[in-house]
There are 2 protein chains.
Amino acid sequence: MVVRYDSEHEEALDQLFRALADRTRRDILRRTMVGEASISTLAADYAMSFAAVQKHVAVLEAAGLVVKSPQGRERVVRAEPERVAEARAALAALEALWHHRLSRLDELFAEDPPSPCKEP
Amino acid sequence: MVVRYDSEHEEALDQLFRALADRTRRDILRRTMVGEASISTLAADYAMSFAAVQKHVAVLEAAGLVVKSPQGRERVVRAEPERVAEARAALAALEALWHHRLSRLDELFAEDPPSPCKEP
DNA sequence: GTAACGTACAACCATTTGGTTGTACGTTAG
DNA sequence: CTAACGTACAACCAAATGGTTGTACGTTAC
């Protein structure tokens, strides 16, 4: 386990979190979580050009958070919840370090009973 | 509950996820989760200038993921696990939409028993 | 067949980001 | 006291980001 932190995985996390760091993209993600929608349907609700929304969807797709599939003359977008779960797992791993730290502190207390911490 | 999505909260999430979208910053976060460290201690391990690391710490601090406190002639950095938890909660909320969708599908199956889906 | 729709993609622009170097300032060690 | 250390901050630069408009192309409706 000396691999430190796998560069590919880190790159994937960069993409994941960057994709999540935009409110329009998070909103698209929410909407496509609830149910799939075409790009133009999505675009209709934002105060920006169709092309801009198209780019946001592309960013989400590159991050694996969303998949586009052709359906008639439109492309239908649906969210990929597993990918969101991956991001969440990465955060959980971060928090785990904290808990590990706490348990190290516990160890100190446990291994050091001769410490005179009793009340007088 | 018509507030759609609170703009301030969304801005905070933008900052949070953007701060997390950089491997150096995630690494700093990991290290300061395990135990606090001075900025120069942190900087020593990266192939970039001290000022660059200083900026990364500033981004983490602005996102609330880390706090700096003066200690002698150095500034000691420690992580703020609650903030990571907030980001994780936001992702969990996203995933919850997916589960909600599944339960809606369940409702359909439950509410629509007369649907003639039997095999012939 | 033609018009309208939905999408893709290129070119362009302003702003932000991630990095650099250089300078200044407080604190501690010797 | 002075030198070295740790930090802050400004100015600058290249590249990425988030947006625009314009053009082209396949599909559907009529």
Side-chain angles (χ1 to χ4, degrees), chain A residues 5 7 10-32 35-79, chain B residues 5 7 10-32 35-79:
Chain A
Y5 291 103
S7 184
E10 288 298 304
E11 181 132 358
L13 285 181
D14 284 359
Q15 246 188 326
L16 249 184
F17 286 120
R18 189 178 309 277
L20 289 166
D22 181 286
R23 69 193 71 187
T24 303
R25 288 198 287 264
R26 284 195 302 274
D27 199 60
I28 291 176
L29 210 45
R30 288 186 201 104
R31 294 171 67 185
T32 55
E36 54 187 31
S38 74
I39 304 185
S40 54
T41 301
L42 292 171
D45 284 16
Y46 304 106
M48 66 184 75
S49 69
F50 172 81
V53 175
Q54 214 176 359
K55 280 195 193 181
H56 281 306
V57 172
V59 170
L60 288 169
E61 192 184 21
L65 284 165
V66 130
V67 293
K68 271 187 301 185
S69 51
Q71 193 158 301
R73 68 177 164 185
E74 37 186 50
R75 254 66 164 189
V76 131
V77 182
R78 69 167 192 280
Chain B
Y5 291 102
S7 185
E10 288 298 304
E11 181 131 358
L13 285 182
D14 284 1
Q15 246 188 326
L16 250 184
F17 285 119
R18 190 176 305 279
L20 290 166
D22 181 286
R23 69 194 70 187
T24 302
R25 287 196 288 264
R26 282 194 303 275
D27 199 59
I28 291 175
L29 211 45
R30 289 187 202 103
R31 295 172 66 186
T32 54
E36 55 186 30
S38 74
I39 305 186
S40 55
T41 301
L42 291 171
D45 284 16
Y46 303 106
M48 67 185 74
S49 68
F50 172 81
V53 175
Q54 213 176 2
K55 279 195 192 179
H56 282 306
V57 171
V59 170
L60 288 170
E61 191 183 22
L65 284 164
V66 130
V67 294
K68 269 186 304 185
S69 52
Q71 192 158 303
R73 67 178 164 184
E74 36 186 51
R75 254 67 162 190
V76 130
V77 182
R78 69 168 192 279

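Naming convention: chains lettered A, B, ... in sequence-line order (proteins, then strands); numbering from 1 in each chain.
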Please confirm whether the backbone N or O of [Y] pairs with a side-chain atom of [X], one donor and one acceptor, at under 3.5 Å?
X	Y	result
A:Arg25	A:Leu60	no
A:Arg75	A:Ile39	no
A:Arg78	A:Ser69	no

Interatomic distance where [atom1] belongs to [X] and [atom2] belongs to [N] [whole Å]:
X	N	atom1	atom2	value
B:Gln71	C:dT28	CD	P	11 Å
A:Phe17	C:dG18	CZ	C1'	19 Å
B:Ile39	C:dC25	CD1	P	19 Å
B:Asp22	D:dA16	CG	C1'	13 Å
B:Asp14	C:dT16	CG	P	13 Å

Step-by-step side chain to side chain contact (heavy atoms under 4.5 Å, CB included) determination, B:Leu20 to B:Leu29: CA-CA 9 Å; B:Leu20 290 166; B:Leu29 211 45; 3.7 Å; yes
Min side-chain heavy-atom separation B:Glu11-B:Gln15 under 4.5 Å: no
OP1 or OP2 of C:dT17 under 4.0 Å from side-chain N/O of A:Arg18: no
Short side-chain N/O contact from B:Arg75 to OP1 or OP2 of D:dG6, under 4.0 Å: no
Counterpart base for D:dT17, defined by Watson-Crick or G-U wobble contacts under 3.5 Å: C:dA14
Within residues 48-63 of chain B: residues closer than 4.0 Å to DNA chain C (heavy atoms): B:Met48, B:Ser49, B:Ala51, B:Ala52, B:Lys55, B:His56
Sugar-phosphate, base or nothing in reach of A:Thr24, heavy atoms under 4.0 Å: nothing
Options D:dG18, D:dA29, C:dT7, nucleotide nearest the side-chain atoms of A:Arg73: D:dA29
Atom of B:Tyr46, atom of B:Asp27 and distance for their closest heavy-atom approach: OH-OD2, 2.7 Å
